[in-house]
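Heads up: numbering here begins at 1 and tracks the sequence. The figures here come from the full heavy-atom set of this structure, side chains too, leaving out hydrogens, waters and symmetry mates.
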Amino acid sequence: MSAPLLFRGATILTLNAGFDIVEGDALVVDGRIAAIGAVDPPPFATTIEAAGDYLLPGFVQTHVHLCQ
C-alpha cells in the first residue's frame, strides 16, 4: 500500500461518457482515482501542486511484442 497522492489545482481531463473537464484536485489512493474536485487531503498524503497543468488518467499499454 502506498501513501495517498493529491494533485492540487489541476485541469483534469476525464475519460467519462461526457469527457468532462474539471478544475480542481485529484486524489489517488492505492493507484486508483478516489476523488476529484475540491478534496481534503488524508493524513500523510503526498501533495503535488499542479496549477496550470493538465491531468489525464493513465493509459494501459496493450500493444506488446511478447511473442517475438
Side-chain angles (χ1 to χ4, degrees):
M1 185 188 304
S2 60
L5 182 60
L6 178 67
F7 294 91
R8 177 84 63 197
T11 300
I12 304 162
L13 307 174
T14 68
L15 296 178
N16 64 9
F19 293 102
D20 297 323
I21 298 175
V22 178
E23 298 285 337
D25 308 332
L27 177 64
V28 177
V29 178
D30 293 329
R32 299 184 67 91
I33 298 170
I36 61 171
V39 177
D40 289 326
F44 307 109
T46 300
T47 301
I48 296 175
E49 295 298 330
D53 294 332
Y54 290 95
L55 187 64
L56 185 68
F59 293 104
V60 177
Q61 169 32 327
T62 61
H63 179 96
V64 295
H65 295 270
L66 295 176
C67 61
Q68 295 179 340

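- To the nearest 0.5 Å, the span separating CG on Leu13 from CG on Leu55 amounts to 8.0 Å.
- At least one donor-acceptor pair under 3.5 Å links the side chain of Thr14 to the backbone N or O of Asp20.
- To the nearest 0.5 Å, atoms CD1 (Ile12) and CG (Leu56) are separated by 11.0 Å.
- Under the 4.5 Å side-chain criterion, counting only non-hydrogen atoms from C-beta, Leu5 is in contact with Ile48.
- Checking side-chain atoms of Asp25 against main-chain N and O of Gly9 turns up a donor-acceptor pair under 3.5 Å.
- Atom CD of Glu49 sits about 7.0 Å away from atom OG1 of Thr47, to the nearest 0.5 Å.
- The shortest distance between side-chain heavy atoms of Val28 and Phe7 falls below 4.5 Å.
- A 4.5 Å side-chain heavy-atom check between Pro42 and Leu6 finds every atom pair outside the cut-off.
- Heavy-atom neighbours of Asp40 CG from other residues, nucleotides or ligands within 6.0 Å: at or below the threshold of 12.
- Cluster annotation: Ile33 is not connected to Ile21 through the hydrophobic network of ILVMFWY side chains, with a link wherever side-chain heavy atoms come within less than 4.5 Å.
- The minimum heavy-atom distance between Ala3 and Thr46, with the atom names listed, is CB-OG1, 4.5 Å.
- Minimum interatomic distance between Arg8 and Val39 (heavy atoms only, all atoms of both residues): NH1-O, 3.4 Å.
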